[in-house]
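Encoded as structure tokens, the structure appears first; notes follow it.
These figures come from a predicted structure and were not determined experimentally.
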Amino acid sequence: MIREIGERALLFLVPFAIYGVYLLLIWRQRPNRPPTPWALLFITGLILFVASFVYVGLTEGESTKGVYVAPHVANGKIVPGHVDAK
């Protein structure tokens with residue numbers, strides 16, 4: 001769970017990192033810094049954050065086509081719930 005949250009946080013920070021690299025590259029040419037587009041960076045990071053949830057939701061997980069078997073005990077061991085294909 002921590003890894004997933006960390007990955008999402010990194011995706012949110014990507015636009016800020018790219019802008020930081022951009023500032024480092026232009027710093028030699030223009031010593032005065034241009035105004036920072038905080039709102040645009042925040043919105044872009046938020047879009048990447050939400051897109052990662054949409055991507056994971058569409059590509060991962062079990063198929064919902066089939067019959068759901070609830071968790072049960074078999075031979076003294078807990079069998080987790082799962083979906084059996086038809």
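- Using a 4.5 Å cut-off on side-chain heavy atoms (C-beta onward), Ile18 and Tyr22 make no contact.
- For the side chain to side chain contact (heavy atoms under 4.5 Å, CB included) with Arg8, the qualifying choice from Val50, Val56, Leu48 is Val56, the only one to do so.
- Inter-residue side-chain proximity for Phe42 and Pro15 is flagged as unmet; no heavy-atom pair is nearer than 4.5 Å.
- Atoms CZ and CD, from Phe53 and Glu4 in turn, are 8.0 Å apart once rounded to the nearest 0.5 Å.
- Among all heavy-atom pairs drawn from His82 and Val79, the shortest one is CE1-CG1, 4.4 Å.
- To the nearest 0.5 Å, atoms CG (Leu10) and OG (Ser52) are separated by 11.0 Å.
- Between Leu41 and Thr36 the shortest side-chain heavy-atom distance falls below 4.5 Å.
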* Can you list the steps and then say if Trp38 with Tyr19 is a side chain to side chain contact (heavy atoms under 4.5 Å, CB included)? -> CA-CA 10 Å; Trp38 291 112; Tyr19 185 71; over 6 Å; no
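- With values rounded to the nearest 0.5 angstrom, Ile43 atom CD1 is found 8.0 Å from Leu46 atom CG.
- Other residues, nucleotides and ligands contribute over 12 non-hydrogen atoms within 6.0 Å of the CG atom of Leu24.
- At most 12 non-hydrogen atoms from other residues, nucleotides or ligands lie less than 6.0 angstrom from OH of Tyr55.
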